[in-house]
Amino acid sequence: MCIRDRCQFDNRSFTVCSDVADATRVLETGDRNRLITGQLHEHDLTVVFMFTGQGAQHVGMGQELYESEPVYRDTVDYCAEYLKPVLGLDLRDIMYATDDLDNATASINQTGITQPALFITEYALAQLWMEWGVNPDAMIGHSIGEYVAACLAGVFCLDDALSIVAERARLMQAQPAGKMLAVRIEEKGLAELLPDDICLAACNTPGLCVVSAESDRIDAFDAEIREKGLETIPLHTSHAFHSHMMDPVLNDFANEVSKYARSAPQIPFISVKTGTWITEEQALDPEYWAAQLRNTVRFSDGIRALKAEGDYVFLEVGPGNTLSTAVLQHNTAADSSPVIASLAHPKQKRSALDAVLEALGRLWISGIT
């Protein structure tokens with residue numbers, strides 16, 4: 001019998017409930033939608049924090065955590081106050097708007113607002129996880145998400161990271177509008193079809209790539225490849241990120257990054273520019289951070305590099321489940337790494353607190369202390 005310490009068993013089960021009566025009801029009925037069970041992984045697992053990129057933002061992201069979790073709220077408040085004079089507005093008024101939601105949604109989807117709002121949300125969520133004792137052994141961030149990884153790794157201090165992200169967003173917002181298109185095809189097959197004036201913006205899974213260019217060129221390319229039977233998905237972005245349309249900002253952004261102190265990373269993270277572990281030289285180089293906003297996002301290669309390195313639980317630290325869904329496409333019968341999203345997709349209309357507590361339970365089931 002365990003008196004002082006909880007016994008550790010291979011088979012585990014948990015539920016997220018609102019009170020004793022709710023817990024009793026779930027346990028007595030064995031509600032499989034609520035009572036989640038699992039067995040410890042045969043190997044000891046460590047945690048990868050994955051930071052979501054642009055496109056996952058929405059009004060209300062993480063709002064219940066802001067209202068209920070002090071460390072989350074304090075982090076958001078600090079960042080929002082710091083950025084007030086930089087942005088000329090309070091991001092909390094947009095992120096947690098309760099009135100005029102159409103206007104708030106239009107605002108949060110503007111790149112100049114999107115990127116700092118995502119950075120704050122993801123950084124605050126990471127602080128909450130670490131407060132709860134879940135610390136990253138490795139990290140990967142999709143485009144803007146890589147800045148959260150770099151900040152947690154100590155490459156940039158928080159204040160400098162906020163300034164850099166705000167300027168990155170401002171510069172990118174100021175460029176001419178463009179379009180991005182997801183195509184269900186592997187990179188090699190897409191390369192054979194891709195004209196010189198359309199850029200490969202991202203490789204997210206073994207069978208899904210994103211292209212980026214001027215709006216008329218993307219529209220024409222979309223029609224052309226759909227005639228070949230390929231499935232395409234237009235992305236809701238205002239600009240052609242990770243394409244030649246970002247070239248005009250590269251020098252200015254490199255100069256901006258050079259103003260701030262940079263240090264060698266203390267936590268290993270994947271560079272999505274190269275698709276493998278970032279080096280100290282890259283992390284310190286302003287030209288790297290400029291190229292990172294222009295070059296292809298090699299998220300798929302980064303996941304392969306992580307899987308080749310060790311046994312991980314992949315924890316998405318951001319709004320929604322975009323990266324979690326992408327990582328699941330890399331799993332095989334022989335390599336079914338646990339993949340967990342901190343927050344639910346907004347269409348699920350689920351409390352952020354319930355979602356993050358379920359994620360906590362799933363980490364425990366996977367063997368994370």
Side-chain angles (χ1 to χ4, degrees), residues 48-57 111 114-115 118-119 122-123 126 136-153 155-156 161 164-165 168-169 172 180 182 186-187 190 199-212 235 237 239-243 246 249-250 253-254 257 262 265 267-309 312 314-330 339:
V48 174
F49 278 9
M50 304 189 297
F51 299 105
T52 319
Q54 194 160 342
Q57 72 279 352
T111 297
T114 301
Q115 294 188 11
L118 280 173
F119 179 93
E122 293 170 16
Y123 185 82
D137 298 282
M139 298 180 288
I140 184 172
H142 194 288
S143 193
I144 187 64
E146 189 168 331
Y147 286 81
V148 188
C151 185
L152 289 176
V155 175
F156 306 111
I164 290 168
V165 165
R168 182 185 194 265
M172 296 172 79
M180 303 181 75
E186 62 178 10
E187 180 181 356
L190 179 60
C199 295
L200 176 62
C203 296
N204 292 330
T205 75
L208 182 68
C209 298
V210 176
V211 296
S212 185
L235 302 186
T237 60
H239 292 73
F241 303 121
H242 298 282
S243 79
M246 294 295 112
V249 311
L250 299 184
F253 186 63
V257 175
R262 301 168 304 282
I267 304 172
F269 66 92
I270 293 289
S271 156
V272 290
K273 174 183 175 290
T274 65
T276 189
W277 300 100
I278 197 162
T279 66
E280 179 177 339
E281 181 182 6
Q282 290 168 337
L284 299 178
D285 185 3
E287 297 293 339
Y288 167 83
W289 294 102
Q292 193 261 8
L293 73 78
R294 163 64 174 90
N295 290 16
T296 304
V297 176
R298 297 203 164 277
F299 182 78
S300 185
D301 289 344
I303 295 302
R304 291 190 187 97
L306 284 161
K307 284 178 169 287
E309 185 75 14
Y312 290 111
F314 291 87
L315 177 65
E316 183 164 0
V317 182
N321 58 1
T322 304
L323 300 186
S324 302
T325 301
V327 174
L328 286 171
Q329 302 305 308
H330 294 79
V339 183

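In this text the structure is predicted, and so the values were computed from the model without any measurement. All values below were derived from every heavy atom in this structure, side-chain atoms included, with hydrogens, water molecules and symmetry-related copies excluded.
Residues P136 and I267 form a side-chain contact, since some pair of their non-hydrogen atoms from C-beta on lies under 4.5 Å apart. Within the 4.5 Å cutoff, the side chain of L306 has heavy atoms near those of the I140 side chain. Considering only heavy atoms from C-beta on, N204 stays 4.5 Å or farther from S300 through its side chain. T322 has its side chain within reach of E316: a pair of non-hydrogen atoms, C-beta onward, lies under 4.5 Å apart. At a threshold of 4.5 Å between non-hydrogen side-chain atoms, the residues T52 and E122 count as touching. Taking 4.5 Å as the limit, some side-chain heavy atom of Y123 sits within range of a side-chain heavy atom of L152. Residues R294 and L250 have side chains in contact (heavy-atom distance under 4.5 Å, counting atoms from C-beta outward). Between L200 and C209 the shortest side-chain heavy-atom distance falls below 4.5 Å.
In this view, F241 and H239 satisfy the ring pair (Phe, Tyr, Trp, His ring centres under 6.0 Å) rule, not counting sequence neighbours. F253 pairs by the ring pair (Phe, Tyr, Trp, His ring centres under 6.0 Å) definition with nothing, not counting sequence neighbours. Residues satisfying the side-chain contact (heavy atoms from CB on, under 4.5 Å) test with E186, not counting sequence neighbours, are K188. Taking R298 as the reference, E187, D301 meet the salt bridge (charged side-chain N to carboxylate O under 4.0 Å, His left out) condition, with sequence neighbours excluded. Considering only residues two or more places apart in sequence or on other chains, H242 meets the ring pair (Phe, Tyr, Trp, His ring centres under 6.0 Å) condition with none of them.
Considering K273, Q282, R168 as possible partners of Q292, the one that fulfils the side-chain hydrogen bond (donor to acceptor under 3.5 Å, both in side chains) test is R168.
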Checking F314 against I303 for the side-chain contact (heavy atoms from CB on, under 4.5 Å) test, could you report, in this order, the C-alpha distance in whole Å, the side-chain angles of both residues, the deciding distance, and whether it holds? CA-CA 10 Å; F314 291 87; I303 295 302; 4.1 Å; yes
Take M50 and V327 through the side-chain contact (heavy atoms from CB on, under 4.5 Å) test and state the conclusion after the steps. CA-CA 10 Å; M50 304 189 297; V327 174; 3.5 Å; yes
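A ring-ring contact (aromatic ring centres under 6.0 Å, His included) check over residues 269-300, counting only residues at least two apart or in different chains, returns the pairs H142-F299, Y147-W289, F156-W289.
Q57 places a side-chain N or O within donor-acceptor distance of the main-chain N or O of G55, the cut-off being under 3.5 Å.
Between the CG atom in L323 and the OG1 atom in T205 there is a gap of 12.0 Å [rounded to 0.5 Å].
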